[in-house]
Amino acid sequence: MSQAPIKFAYWVPNVSGGLVVSTIEQRTSWDIDYNRKLAQIAEKAGFDYALSQIRFTAGYGADNQHESVTISHALLAATEKLKVIAAILPGPWNPALAAKQLATIDQFTQGRIAINLVSGWFKGEFHAIGEPWLDHDERYRRSEEFIRALKGIWTQDNFTFNGDFYRFRDYTLKPKPLQQPHPEIFQGGSSRAARDMAARVSDWYFTNGNTVEGIKAQVDDLRTKAAANGHAIKVGVNAFIIARDTEEEARAVLQEIIDKANPEAVKAFGHEVKNAGAASPEGEGNWATSSFEDLVQYNDGFKTNLIGTPLQIAERIVALKAVGVDLILSGFLHFQEEVAYFGEHVLPLVRELEAGRRVEKAVA
Ligand SMILES: Cc1cc2nc3c(=O)[nH]c(=O)nc-3n(C[C@H](O)[C@H](O)[C@H](O)COP(=O)(O)O)c2cc1C
C-alpha cells in the first residue's frame, strides 16, 4: 500500500441539479457564492482538490452550467491551499488556448491549477455546438495529442509538433506555468483507450465509481501498461458519499434518492451514456454495465459504496487504497454540510487507519 496519505477531491457543483438526477431535497446550489463558500469549507476540512465540470448542454436535468475554467479561477481566488482541477474538452478547446489560459491562472494563483482532460461522451452536445463528433478511439487519439502538445508548450521553448490534429511551429509560451514541470494532468474515462492513454501521458487516471474488485482490475491493467512505458500514473475513483451517524440513516437517504429519481431524465441520460460506453470497441467504457439505479448518480458513484457510518466509510476508503487508489473524488447531497461532516468525522478515521491504528468507532 502507498505510504502517501490518500488524497481527497470533491466535485464542484457548477451545474444545476446537484450530483444526483433526483427530486429529493438538495441543499446544494450551482451558484458562485455557494461554491466559493464550499471551497473554503472543503479546504478547511482537509480536501486537497476540487474538480469542476464542463458541459455545454446537458440532457439529464443539469439545465444550467457555469464554465469550468472560469469557475475554477474564481474558486482559486477565494481559497489559499486548495488545488482546483478545471475540465478541458478537446474540440471546443485547442492546446494553444488551454496552455496560455492555464499558465496565466497558474501564475495568478501560486501554482494551484490542474486540468482534467475529458474526451467527450455526449454526441448531442457536440452537434449542438457545431463540433465534429469523432469515433471513440479517435477521440482518445486527439486527447493524447492534446496532452502531448500541452506538455510541450508548458516545458519547452521553440516547441514544434506535427500531429494529425494539432501543429505547432517554433512556439515559445511566455510566461510558462509556475508549477514544475507543469500543472498536473488528470483525465476522465474508463475504457481501454482511456487506460492506454493514461499509461502513456497523464499524471492521473480518474474513473467512475465501481466495486473494489472492479477498481482493482483497472488499476492492475493500468499500472502494468504504465510500467511497460516507464510512466508513473496515479488513480482517482469517484464515490457519492453518504455518511451518517448510523448505517440505517445513510441507507435510507440512498433509498430516498433512488425512489425520487427523475425517470425521464435518468433514461435520457442512460440512452446517451450507453451509447458512449458501448462505443468503445471493447465495450468497457464508463456506464457500459450501469443499471437504472447506478445512473441516478451520473458517474456511478453509488457503486463505490461509501455509504454508511464514518468508520465503515473510512475502512472502505483504506481498502481502495490497498488496491492502489491514490485519491477519492467525492460527491454529496448537501455539499456544504456534508463536506464539513466528512472532514470532522471521516477523514480523521482514515488517517488513523492509514497509520495502522485500530479504530473501534467514530470519534465524536
Ligand atoms: C471523474 C470524471 C470526470 C469527468 N468530467 C467530465 C466533464 O466535466 N465533462 C465531460 O464532458 N465529460 C466528463 N467525463 C467523461 C469522460 O471524459 C469520458 O468522455 C467518458 O468517461 C467516456 O469515456 P470512456 O469511454 O473512456 O469511459 C468525466 C469522466 C470522469 C470519470
Side-chain angles (χ1 to χ4, degrees), residues 9-15 19 30 49-60 62 65-69 71-72 84-93 114-126 128-129 131 133-144 146-147 185-199 202 204-210 214-215 218 221-222 234-240 269 272-290 294-295 297-301 303-304 325-331:
Y10 73 91
W11 287 90
V12 174
N14 60 312
V15 310
L19 268 285
W30 58 287
Y49 297 94
L51 169 72
S52 63
Q53 311 168 53
I54 182 63
R55 306 259 180 284
F56 287 85
T57 132
Y60 54 89
Q65 317 99 22
H66 286 312
E67 191 277 316
S68 58
V69 176
I71 195 165
S72 297
V84 183
I85 311 164
I88 300 283
L89 182 61
W93 269 272
I115 75 156
N116 184 26
L117 205 286
V118 300
S119 292
W121 56 270
F122 185 18
K123 195 173 174 182
E125 175 182 55
F126 274 60
I129 61 171
E131 279 293 335
W133 180 244
L134 306 178
D135 281 352
H136 183 273
D137 284 11
E138 281 295 279
R139 296 202 291 279
Y140 275 98
R141 217 161 63 78
R142 176 167 70 177
S143 293
E144 182 163 341
F146 196 113
I147 294 176
I185 299 173
F186 292 68
Q187 62 157 85
S190 305
S191 58
R192 188 229 353 104
R195 288 194 293 278
D196 289 351
M197 179 173 90
S202 303
W204 285 89
Y205 171 82
F206 254 152
T207 188
N208 269 8
N210 211 320
I215 296 297
Q218 289 180 43
D221 179 53
L222 185 66
K234 287 179 271 188
V235 176
V237 173
N238 178 49
F240 192 83
F269 175 65
E272 290 302 331
V273 295
K274 290 281 175 193
N275 280 346
S280 66
E282 78 296 338
E284 285 177 13
N286 276 345
W287 312 288
T289 59
S290 309
D294 293 331
L295 292 171
Q297 200 297 298
Y298 48 76
N299 282 88
D300 277 351
K303 276 192 190 166
T304 317
V325 172
D326 302 282
L327 176 149
I328 303 291
L329 169 63
S330 53

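Numbering starts at 1 and runs along the sequence shown. Whatever order the structure lists them in is the order used to number ligands and atoms, beginning at 1.
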Within the 4.0 Å heavy-atom shell around Asn116, which atoms of ligand 1 are there? 3 (C), 4 (C), 5 (N)

Ignoring hydrogens, what is the shortest heavy-atom contact between Ser68 and Asn14? Give both atom names and the distance. CA-ND2, 4.3 Å

Please report the closest heavy-atom contact between Phe56 and Glu125, naming both atoms and the distance. N-OE2, 2.6 Å

Tell me whether Ser190 has any N or O atom under 3.5 angstrom from an N or O of ligand 1. yes

Looking only at heavy atoms of Trp11, does any of them come nearer than 4.0 Å to an atom of ligand 1? yes

Are any of the N/O atoms on Phe206, whether in the backbone or the side chain, positioned under 3.5 angstrom from an N/O atom of ligand 1? no

Those atoms of ligand 1 less than 4.0 Å from some heavy atom in Gln53: 8 (O)

Ala87 neighbourhood, listing ligand 1 atoms whose heavy-atom distance to it stays under 4.0 Å: 8 (O)

Using a strict 4.0 Å cut-off to heavy atoms of Ala194, name the atoms of ligand 1 that fall inside it. 26 (O)

Do any N or O atoms from the side chain of Gln187 and from the backbone of Ala198 form a donor-acceptor pair under 3.5 angstrom? yes

Between Trp11 and Asn238, is a side chain to side chain donor-acceptor pair (under 3.5 Å) present by the stated rule, with each step listed? CA-CA 9 Å; Trp11 287 90; Asn238 178 49; 2.7 Å; yes

Between Asn208 and Ser190, is the side chain to side chain donor-acceptor pair (under 3.5 Å) condition met? List the steps. CA-CA 7 Å; Asn208 269 8; Ser190 305; 5.2 Å; no

Atoms of ligand 1 under 4.0 Å from any heavy atom of Ser191, numbered from 1 in the order shown, are 24 (P), 25 (O), 26 (O), 27 (O)

Do Arg55 and ligand 1 have an N or O pair less than 3.5 Å apart? yes

Can you list the ligand 1 atoms lying under 4.0 Å from a non-hydrogen atom of Tyr140? 23 (O), 24 (P), 26 (O)

Ligand 1 contact by His136, heavy-atom criterion under 4.0 angstrom: yes

For Ile129 and Pro92, which heavy atoms make the closest approach, and how far apart are they? CD1-CG, 3.8 Å

With sequence neighbours left out, the residues meeting side-chain hydrogen bond (donor to acceptor under 3.5 Å, both in side chains) with Arg141 are Glu138, Asp164

Within-cut-off N or O pair, Ser52 and ligand 1, under 3.5 Å: no

Qualifying residues under side-chain contact (heavy atoms from CB on, under 4.5 Å), relative to Gln65, sequence neighbours excluded: Val15, Arg55, Ala58

Pairs of nitrogen or oxygen atoms closer than 3.5 Å, one from Leu117 and one from ligand 1: do any exist? no

Please round to the nearest 0.5 Å and tell me the distance separating atom CD1 of Ile85 and atom CG of Leu51. 5.0 Å

Give the atoms of ligand 1, by number and element, whose distance to some non-hydrogen atom of Asn208 is under 4.0 Å. 31 (C)

Could you tell me which atoms of ligand 1, counted from 1 in the order shown, lie closer than 4.0 angstrom to a heavy atom of Leu329? 1 (C)

Interatomic spacing from CH2 in Trp287 to CG in Asn299 - rounded to 0.5 Å: 5.5 Å

